[in-house]
Each structure stands twice: as C-alpha cells, then as structure tokens.
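These figures come from a predicted structure and were not determined experimentally. Numbered from 1 within each chain, the chains take letters A, B, ... in sequence-line order.
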Protein chains: 2
Amino acid sequence: MPVGDPRQRRATMQQVAALAGVSLKTVSRVVNGEAGVSPEMTGRVQDAVQRLGYRHHHGASNLRSGRPTGLVGALVQDISNDFCAELLRAVEAATRERGQVVAVASLDDEPQRERAAVEGLIRRRCDGLILMPSGTDQSYLQAEVSAGLPIVAVDRPPGNIALDSVTSDNLGGARDATAHLLRQGHRRIACLVDDLGIMTATARRDGYLAALREAGVTVDTQLVVGGLRTDADAAATLTRLLAVPNPPTAVFAGRNTITLGAVRALRATDLSHTVALVGFDDVVAADLLDPPVTTIRQDAATEGRLAVEILLARLDGDPSPLFTEVLPTELVVRGSGEIPAPRSP
Amino acid sequence: MPVGDPRQRRATMQQVAALAGVSLKTVSRVVNGEAGVSPEMTGRVQDAVQRLGYRHHHGASNLRSGRPTGLVGALVQDISNDFCAELLRAVEAATRERGQVVAVASLDDEPQRERAAVEGLIRRRCDGLILMPSGTDQSYLQAEVSAGLPIVAVDRPPGNIALDSVTSDNLGGARDATAHLLRQGHRRIACLVDDLGIMTATARRDGYLAALREAGVTVDTQLVVGGLRTDADAAATLTRLLAVPNPPTAVFAGRNTITLGAVRALRATDLSHTVALVGFDDVVAADLLDPPVTTIRQDAATEGRLAVEILLARLDGDPSPLFTEVLPTELVVRGSGEIPAPRSP
DNA sequence: TTGTAAGCGTTATCAC
DNA sequence: GTGATAACGCTTACAA
C-alpha cells in the first residue's frame, strides 16, 4: 500500500477512467449507480475504483450539479450542557437518516461567536441552520434568509428577525414553579437566573414576577438576582441571600446549573430540608438527591426533533407560514419543592 | 430585499465583477484581501459585494487551490453522554481557533454507523478525524490513512490498525477501584460492565480481575456481569445479584450510567449505606448523593484536548512516530467506596 | 495595477 | 450503451 503524502491527494474519476480504459462519463455513471452501463464496463470500473481507493468528491459533484451540500449547522449555547447535548442528539438522529452531516458549535452566548460560526457555515454552503440565538439581535441573518437559507431558532426566540422557532414555555414554566412554592405558603422566594441578556433568563424571571403579582405578593428586589453563569456563582449568591436577616424560605432556580449550585449552598448551610427549591430544567440525578429536587422539565429532545423536522421540511420546499412552536413545560414534583413555609413569626 | 427562491442561488464572483465593472480576478483579489488593488477598484468591488450579498464559496475555492477544507470530524459513542460531550467541547474549542468546522456523530457503538459516518466525511474531504472506535476492527481505515488522512482514536484503542491514540488507563483505574474496595475488607465484589465488545469494558473488567488476583481472591464469575447498556439494565442486574444467597458486599460499576443504575438499585433495596460502591467515570452530582459516590475520574476534556492537538499537529505536517497517550485516572474518595465489609459470619 | 486563460473534480448535454 | 465537450465558482499562472 503506498504511503500517502502528508498533503492529501486522492484518485480522481479521470484516473479511474484511465485505469479502467473507459471514459470519464462511464465512471461517473457507475459511481452514481446510473442505469445503462454494461456489466463488463461496470466491473472494470469497480475494479479500478477499488485499486485506486477512489472516493467520490461530494464537493466537486455539488459544484456542478447544484444539489444541496448535505451540511447542516447546529449552533447551541454549550454542547457540553445536558440540555444542548440532548437537543443535538435529536437533530443528529434526524439528519443521519438523510445522509446529512451536522456541524456543531458552542456559542457561549457570545454574539460574536454566533456570527463567526454562521459565517463559516455559510461559506461552506450549509443547507440549513439550527440556531440557539445568542444576545438579542439576529437581524444580520436577514440577508441569508432572503437568499433562501432555512434557519430555525431553538430554545429562544430570535431578535429583530422573523424565523421559524421552537421554544419552551419559559414564562409559563417559571410561573408554575413559583406558584407551586406560593401554594406551600412561601412568600419570600429567591429568584436566581442567568444573564438577563439571555431571553430565556428574562422570561423565567418574568414568570416568577407574574406569579407573585397574581398572588398579590410584593416583590423584594433583593431576592431577585440575575447574571449567574455558573453553579459556583449560584451557590455563592444563595449563600449570601441566606445569611441576611429575613432570608428567603424558598428558591426558584432558573437553570440546571443554578439548581445544582443552589443544592450545594443549601447543603453547606444545612438548610436542604428547610428551604424549598424548584429548579427550571431537569438535573441528571434529581431523583437521587436528598431531598429529591422538584423541577420544571422542558423536553430538549422534543425541541431538537421539532426544530430539525421544520428545517428538513423547509429544505423539502415546505412553503408554510412561519412556525412558532412553544412547547409546554411540566412540573415534576419530587420533594424539595414541597417543603412548607415556616409558620409566620 | 428580494425574496429568495427556495432553491438557494447565491451571487457569484462573476456577477460581482459584472456589477462592479471589473474583471473576475480583481474581485478575487479584493475578496481574498490580496495586496495590489487600487482603493477605487476595491471600493467598487466591496460595494457590489454588499449589494449582491456575495458570500465566498469555500468549496469552489478549495477545488482549485487544493487547500484543506477546514472540516474536521469528531465521531463519538453518544454526543449526549457527559463524557463524550465534554470531550467534544475540547475538540471544538481548538478547531474554532483555526476557523475549522466540526462535524459530529453519535455511533452508539455500532460499527456500521461508524463506517457510514466516516464515509460521509471522507466524501466531503474532511481534513482529519477524531474517532471513538466502535467494535474491534478499524482496519477498513487503512486506505484512508495511507491516503494521508490523519485519524486520532480517542478513549479506546483502535482495532487491527495503527492510529494515533489518546486513551485513559482503563485497566489501571479499574484495578485501583477494586483494590480500594479490597482494602475495605470486601471479598465479594460485583463487577458490572458494558458490552464486552467495547474495548474499555473489557479493560475495566480485566483490571477488576487483576486486582482480585493480586489480592489472592478467587473470582466468582456469577458476580461479573457484562453487556449492560443502560442504567436500567444495571439496576436490574444488581438487584438480582443482591437477592441471591451470599450476595456481594461491594460493587464496581464500570461506567457512569451503570453507576447511576447501581445507586438506584441500592436505594431501592435500602442498602446504600451497607454495600460499598466505586464507579468508573465521574457522575455529575456524585458529591451530592447520599452517600457521595466514590469514583475513578477520567478527564474527558484532557482527552479531547490532547487528541485534537495531535490531529492539528498532523495537519501541520508533524512527522512524529505514532502517539499513544495513556492518561492516568484518579480515585476520588467520597464515601460510598469506603463502606467497610461486614465482619465475616 | 489589472486582466486572460487554463484547470480543480465533477455532472449535464448532446452527439455517436 | 458510450463518450466528447462545456460548465459549476473559484484560484493559479502568466501576460499586458
């Protein structure tokens, strides 16, 4: 077997044709499984293909044929985050069936990274994009959309542009979570959310506020904290909140990492069984913790599946008006959220 | 803004040239930032580029220039698995810096899927591959390697072929885990591992066996179970093992999902604080469980980082002999692994 | 500084 | 059935 150059140089159809003693076009026909080639020719070509280790050049093929590239982009916040990873899994499963390839990127909620990633994929002529928007402005995508590139926003609504989108009912879920805590008698409920530049964080805080308002409970702005990026942030913040006079008796955690941070803080202060906790978004071993963590479940897999279904439909020419799916969330009662409020002093 | 056709049709350099009233080559120069174009021409071209929404066509450009495509493949067992996801994150971080794009796929340990995914990426002329091998035979890759395609195996050694590889010390880690349990006085230790067709599962079982042998403990083959794919499998199996006469007093779980299954089974049988448990591979909230779970930690991020470093070095022409990095594992003592054996009856 | 011609690996078109 | 030939969108080589 010949040792390859470091610079990849692969056999071309031309070379296969030469070795097989046939024309270029015949090789093309055999390689593409077109009918109307004699068995003998077919055999000779396949032989040459084997011998030269010929591989079809999808890119060159596409250049001429104008067919789609079969490259789909999936840009999420963080591919190592459970929620994103599950969503991607669903996307990947659907595209694999079509022989498409999925390019992924973590944007870490940096709009600049989003633009760079999109740019890279467009230069590579991806067929479509699934995007978890960073920041609040996706208007730069207008040119691409107008050029016919299907883009589906997932998990968060896009800003300043109309795109197909699949999101969870963040506001409703947060309201449910907060209402649940209110029903246990809590009135001082901390609200810990991510960076408020992120639409979902804002929506979840708004859901919290809505629930309080509906219950006629006055908001203590000291108990509402945004900008929490990591579980360590969340743990530190909650520890601080618990240390002041008249501390919260319950916590609404606006994200899975924040929930974990909250659990750590409650453990450290020995308040796990005293302070109630409801988290938005499931945590892996939520049922195994003590107490088990009550959460608002949002279905990442369904979000991904729906998004990719819409994308593939668009690729197939579906002319429907804009899809804006909003998936319901589900309160999963496990224990931590049912800790009652202490009797009023 | 013109409404795009469903079939994407983007402006070409030719069209830009026509609109700007310059030659194709001048457009090429401006677009590629080559020196030696008058400011006036540059302006006219940039104008036309804007107006037409021109996007560079990386594929066409590559076809002639022969430059690398900037597409890197990362094929893992399951992108929604924590370990894989973290590994991918590291890969992605490194490639992003180079403006490369990462295509991912979950193989689910199905050799057929691996071949299909590799095939798809090769047709798209990816520059290199990071592969978590499925099954035990990667010899089919020989032709690609000979053609100059850099491939780095991660997490598991490739079968029947020499590839750069980055793996964890599975055998050593499993031996450490088992030795740790032996030190607590346990003699009847269950060993629960994944499908034995997976190299890491075999290595971990072998590490378990080695530790028993070194301690002069006879192996009870009834306690050694392979083929566990899900946490439910693991839970069911352990529940069964615990129900027979002379049950195990400790468990070595060969994978993070198996560890979770074991925790569930121990909870259900109320043996969490009676039967010791050491798991291979960290579990997300291991420190928050009761008891906290002792694990053998393997560093997914480092594995990914090293693999991609090797890959990029090869792309840059590094002619070193084969790399075969074996990363050490670390025993993380948390509680579940330190439950002592009951006194002999 | 700018432009022309050829060619990258493939497919489409139309002859033989 | 099989094969020339042009073309896809771009870059290289070379000329003006």
Quiz question: by atom type and distance under 3.5 Å, do the side chains of [X] and [Y] form a donor-acceptor pair?
X        : Y        : value
B/Gln142 : B/Ser146 : yes
B/Ser106 : B/Gln77  : no
B/Asp127 : B/Thr69  : yes
B/Ser168 : B/Glu303 : yes
B/Ser80  : A/Glu86  : no
A/Tyr140 : A/Glu114 : yes

Query raised in the report: Is B/Glu110 paired with B/Arg115 through a side-chain N to carboxylate O contact shorter than 4.0 Å?
Result: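 Between B/Glu110 and B/Arg115 there is no salt bridge, as every charged N stays at least 4.0 Å from the carboxylate O atoms.
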Query raised in the report: Got more than 12 heavy atoms from elsewhere within 6.0 Å of CD, A/Glu34?
Result: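 Counting other residues, nucleotides and ligands, CD of A/Glu34 exceeds 12 neighbours.
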Query - Sorted by number, the residues of residues 36-48 of chain B with heavy-atom contact under 4.0 Å to DNA chain C - result: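 The stretch gives B/Gly36, B/Val37, B/Ser38, B/Met41 as the residues lying under 4.0 Å from the strand, ordered by number.
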Requested in this report: Examine C/dG3: is either OP1 or OP2 under 4.0 Å from a nitrogen or oxygen in the side chain of B/Thr26? Give yes or no.
Outcome: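 B/Thr26 to C/dG3 OP1/OP2: side-chain N or O found under 4.0 Å.
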Report task. Spell out protein contact along nucleotides 8-14 of chain C as letters: B when the base is contacted, S when just the sugar-phosphate is, - when no protein heavy atom is under 4.0 Å; keep the 5' to 3' order. Result -> BBBBBB-
Report task. Please give the angle, rounded to 10 degrees, between the axes at the start and the end of the helix from C/dT1-D/dA16 to C/dC16-D/dG1, where five pairs define each axis. Result ->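 Between the first-five-pair axis and the last-five-pair axis there is 40°.
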**Report entry** Flag, side chain of B/Asp78 to backbone of B/Asp108, donor-acceptor distance under 3.5 Å
**Finding:**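 Here the side-chain-to-backbone pair does not exist.
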Query raised in the report: Is there a donor-acceptor pair closer than 3.5 Å between any side-chain N or O of B/Arg44 and the backbone N or O of B/Gly21?
Result: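 Present.
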